[in-house]
2 protein chains.
Amino acid sequence: MMRPTIKNVAAEAGVSTATVSYVLAGRTKGKGSGISIETSRRVHEAAHKLGYRPNQAARTIRTGRSNLMMLSLTMLSDPWSLSVSKAVGAAVSAEGITPMILADTDWRKAIPRQGADVIFIDDAAQAGDAELLAELSRSNSLVVFSETLEPNGFDVIRSMAGPSLDLAMDHLTARHRRIAVLTTKSSLGAKSPARLEAYRDGMKRAGLPELVAAFDGDELNAYAAAVELLSRPDPPTAIFAISDYAAIAAIHAAQRLRLSVPDDLEVIGVGNTTQGEVMTPSLSSVGPVGFFTRLADVLVERALNPHAPHRAVDFPWQVLLRDSSPEFSQDLQDPKREVKK
Amino acid sequence: MMRPTIKNVAAEAGVSTATVSYVLAGRTKGKGSGISIETSRRVHEAAHKLGYRPNQAARTIRTGRSNLMMLSLTMLSDPWSLSVSKAVGAAVSAEGITPMILADTDWRKAIPRQGADVIFIDDAAQAGDAELLAELSRSNSLVVFSETLEPNGFDVIRSMAGPSLDLAMDHLTARHRRIAVLTTKSSLGAKSPARLEAYRDGMKRAGLPELVAAFDGDELNAYAAAVELLSRPDPPTAIFAISDYAAIAAIHAAQRLRLSVPDDLEVIGVGNTTQGEVMTPSLSSVGPVGFFTRLADVLVERALNPHAPHRAVDFPWQVLLRDSSPEFSQDLQDPKREVKK
DNA sequence: ATGAAAGCGCTAACAC
DNA sequence: GTGTTAGCGCTTTCAT
């Protein structure tokens, strides 16, 4: 009942453990390393007979590589997270790397316990994160999504969100007077410190009063907050949501209240996720284009080359107006209204 | 630049590696194991100074436990998967177990490479799975979601779906004549072999012709298939979707085509996920009640007690009519129409 | 109260 | 071509 080891296989095949290791590593064909075809066959046979599975922990301790990529995703139900997972899954398939998701967990607590070759962290904005990351980067390759950090032993994925966020706010303030922001209470956390500010600045520029609806947690709470917001006596005619998932929740809330999107309510999200793109009505969003594929590439590069110099990767953002905005607008970059296939 | 080991810490603190191990394992207070308070302090100090992090792989190889729980989720974007992740996350938090998600991957290929104490597999229906699982269960504790397998070295989570699926079909056939099923092409895979059959049997009972819309893959394709289905000259007035995510896609498709749910189209899904419950209109679904919490409990129990006898856990299902069905129906069990909070 | 030492399963020099 | 052997970092008897 004990799990068979390389030793058992060696005994069964009548060879040494080294030979087994070689054969199972597939170095039987190369010209330099010579294992006879017959020995190789016997080893494979023995391994199969015993139901041998390599012990990943032992291999890791020896080689120093786990072939694991960890994705720390703060809110798995955020379509942003799903997009990351999908893109990474597609990118690593060829490389012998297995992506594992650490979901809805504070990486600050959970990471130290893990061993992955490369770790993606989707949320690093709290005080002290810079130090902690520098510290962690001594034992793992880190790729961090952050608007504020600089590379320091780890890579940083940055969204050059500012200008596009401003543009989106100007779009809204030109068309509406009551514009609410739907945001997480801890706008410090998550991917969004700059987003709330963009709203505030935009409203200030237009001389309009702020209308803040804050929720705590996931899309269910965002939905509840949106319902509350839209049920007020003088509801907003536009919502700037701090994230696509919040925007989607707002649209569902509007539909529930029999409000028409975009006629009664314009909604713009942030993140440009696939989910927003394919929903009905499709969601206007400000976000990077081609982001997820590129992010996945960066992660794979880092996995394959742990010692390459660390860098910051910037993504230009765009405003993408779709069905949740009333009209085609000439004044925005890339104004082509996207069509669903 | 090398990652510090227990050895370095021992040297720095002027003690042996054994002492460091003891201290860091927290066995300093117990009466039996005596480490002086002073030594303990020095060790902690040294560890902190060096930025020591235990090597998880080394610990695993020595103890045989990784404190990892792996969730193999065939389609992460399926709300079913999100519900699993959420429930498990809540259940393990206290136990020192870290749940990791293996997403959108064939466990048949990926599992052998991993080392987790307990592995949840959400999809085991293919030929040969029974043998492979029995095999794998020699090295890992397995919990398998399956309608067909029997426990054999692993636990089985079973949904007693049949009667409720039949009930749901009878509900539909009593009210509609053109009822379509929205299903994955490979209805062999995934969690659904019995679901398609329930549709077929139900239609046969009612003497109605089958109307099958099959898609390949994820919710985007389900959406496309639903649009196509509803655009036909003689569209169905009800859709029985093989999974909640497909049902949600169908509702979105209907909304896009300006059809009213439930007036023009009744939709019933399978799985009873939270996402379906909170959407607008809320989704009628047939599924287990309290399933996810219970599943999480089973996983935790298994993680804590690897040698307990293996068992099958059955979940009774119910038909839950919500807004995507036109009317309150007396003839169904638990007919209380649920209200969103 | 602390340390020495034996491995866990595996890989990679280096011998033969 | 194949075997010997020395560890990787850690935990855990068993001495002292």
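Reckoned from all heavy atoms, side chains included, excluding hydrogens, waters and symmetry mates. Each chain gets a letter, A, B and so on, in the order its sequence line appears, and its residues count up from 1.
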Check the pair B:Leu142, B:Leu133 against side-chain contact (heavy atoms from CB on, under 4.5 Å), reporting the backbone distance first and the verdict last.
-> CA-CA 8 Å; B:Leu142 260 37; B:Leu133 289 168; 3.9 Å; yes
Rounded to whole Å, the CZ-P distance (B:Arg65 to D:dC10) equals 19 Å
Please find out if less than 6.0 Å separates the ring center of A:Phe291 from that of A:Phe145.
-> yes
Cut-off 3.5 Å, no hydrogens considered: what does the side-chain donor-acceptor table look like for residues 12-19 of chain A, sequence neighbours left out?
from: A:Glu12; atom 1: OE2; to: A:Lys49; atom 2: NZ; distance (Å): 2.8
from: A:Ser16; atom 1: OG; to: A:Ala18; atom 2: N; distance (Å): 3.3
from: A:Ser16; atom 1: OG; to: A:Thr19; atom 2: N; distance (Å): 3.3
from: A:Ser16; atom 1: OG; to: A:Thr19; atom 2: OG1; distance (Å): 3.2

When you check the phosphate oxygens OP1 and OP2 of D:dG3, does a side-chain N or O of A:Thr19 lie under 4.0 Å from one of them?
-> yes
With heavy atoms under 4.0 Å as the rule, sort A:Thr39 into base, sugar-phosphate or nothing.
-> sugar-phosphate
Verify side-chain contact (heavy atoms from CB on, under 4.5 Å) between B:Arg108 and B:Leu132, making sure each step is shown before the conclusion.
-> CA-CA 8 Å; B:Arg108 281 155 278 248; B:Leu132 184 47; 3.5 Å; yes
Step by step, would you call A:Asp129 with A:Trp107 a side-chain contact (heavy atoms from CB on, under 4.5 Å)?
-> CA-CA 10 Å; A:Asp129 280 357; A:Trp107 58 267; 3.8 Å; yes
Going 5' to 3' through nucleotides 10-16 of chain C and flagging B where a protein heavy-atom sits under 4.0 Å of the base, S where only the sugar-phosphate is that close, and - otherwise, we get BBBBB--
Whole-Å distance, B:Leu24 CG to D:dG9 C1', equals 13 Å
Exercise: do A:Ser77 and A:Asp218 side chains pair donor with acceptor under 3.5 Å = no
